[in-house]
Amino acid sequence: MDKSNINQLVQELKRYGQEHILQFFDQLDEQQQQVLLHQVNEIDFKLLEYCRSLLQNKQQTGQYVPGTLQPLQVIELPKTPEEIAGVDRARACGEQTIAQGKVAVMLVAGGQGTRLGYDGPKGTFPVGPVTGRTLFQYHTEKILALERRLQTVIPFYIMTSELNYSQTTEFFAQKQFFGKDRETILFFRQGMLPALSDGGKMFLEEKGKLSVAPDGHGGLLRAMFKNQILEDMEKRGIEYIFYFQVDSPLTRVCDPVFIGNHVLKGAEMSAKTVYKSDPYEKLGNIGQVNGKNVVIEYTELSEQEMEARNADGRLVFGQGSIAIHVFNVSFLRRLKDENISLPYHLAHKKIPWIDAFGNQEKPEKPNGYKFEQFIFDALPFAETIMVQETDRKQDFSPIKNKEGQDSPEQARQDLENLFGSWLEKAGIPVKRDKAGNVLDVIEISPLVAMNEKEFLERHPEPQTITGGYLYDKVG
Ligand code: UTP
């Protein structure tokens, strides 16, 4: 960066009261200086100023007033013959739409996975009970299997952050993109935002490094707009985007039934839910506030609302969002053209920093704020939405924590329980404990079968392994 550009950046920092960021500049070597200048150059100062104003007013946009949420109409799990026929209709419509090449898959994989505490992008986490198949492999193979079955191309877009971009792209390259055509996998980076102190100042993480964090899964829209992803999709004739998160190996990626329901309803955005396992399960609540469709975080609902039940005993707000969506490309195009931005949420966090004397500080209490956008905040902008319940045993097993609930161990058990049920349907005996959990070690590649129906139709031969079954060979 030349002198005049540097001067310009210094002026910009001064204008926004952030010049302390360069206080150790003279102590840095040339390369470190360039890194810091590059980071400063990337800052959207207007946005930073906006975040600072949110902080000063201690006011998050669209804060929920307890007691105002109303339940929404949901396509629940089918029980009657008509409802089952409805699922078949949706599947046929979804498969036709995918076969016509109108659907792309969008994976958001830019999170830091702090709760799991795994060294590397979460998608590289090994979860397959026999082979240690990674989350990225599961997801990609599911798309590949669908491409093969429907004789079509399904472009796969993957959003990473600045922090895990190289590791993610290198991992895919090393694994030869899991057999999917390289030209149909596209990576892009989400934005990063500086953390701010209670007084609205940026932090230095090191003398030559700003403290920045990814701008949340809702940063997807900003990143898509900046990286011309919509234009790329429009060029490829894509009309619908299946959106999902990296953490669940059970997710039915590009689920034809969900896509079909979305298309048949004429929705602009759709959301998948599970019925909560208990009133306090940590899932967002879908409903309406003042006639607008919204997701309200579990932390915001009152106890009374969480416990409320209908006459049939079911929870009034029992449908929890599992962060799986379909978007119309035309809907996102409208948001882009109308310059609509999702709100920013403030998270009070402990942020390690370098103080004015150059000492490394590790705060014991939250000392600053990170700013994040959430993708479900796009819901109120959609003219029409569709909400569909799914069966968690077949579709939802997120890996969030090291141990206990939502842990890798739980996800592996959920995979084995699902695979075990397919084997039993095929007449293959499976060992279970008293609680019904499958004890055999079982893994079925998505390329062999993606669901019970395919498994029964294909009668695959297992490879022999001790204490279980592996179905990994195609053909
Ligand atoms: P989570 O909310 O679980 O966050 O992300 P996380 O960062 O992965 O994990 P913790 O909270 O630090 O433990 C849900 C999904 O959204 C993506 C994640 O990669 C995951 O697929 N995500 C999250 C992003 O793509 N970008 C972000 O800035 C945040």
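What you see is a predicted model; the values in this text were computed from it and never measured. Counting convention: from 1, in listed order, for ligands and their atoms alike.
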Is there a side-chain hydrogen bond (donor to acceptor under 3.5 Å, both in side chains) between D414 and Q410 once you walk through the steps? CA-CA 6 Å; D414 290 343; Q410 178 75 55; 3.2 Å; yes

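- Among residues two or more places apart in sequence or in another chain, the side chain to side chain donor-acceptor pair (under 3.5 Å) test is passed with E95 by R149.
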Quick one: side chains of residues 359-369, donor-acceptor pairs under 3.5 Å with protein atoms, not counting sequence neighbours, listed by atom name and distance.
unit_1	atom_1	unit_2	atom_2	d
N359	ND2	D355	OD2	3.4
N367	OD1	I351	N	2.7
N367	ND2	I351	O	2.9

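- Both tests hold for R314 against Y275: distance to the six-membered ring centre under 6.0 Å, angle to the ring axis within 45°.
- Looking at residues two or more places apart in sequence or on another chain, you find a side-chain contact (heavy atoms from CB on, under 4.5 Å) between I385 and L72, N293, L379, A382, V387.
- For the pair R115 and D406, the salt-bridge criterion is not met [side-chain N within less than 4.0 Å of a carboxylate O].
- Sorted by chain and number, the heavy-atom contacts of ligand 1 below 4.0 Å come from V108, A109, G110, G111, Q112, G113, T114, R115, M159, Q190, P214, G216, H217, Q245, V246, D247, K400.
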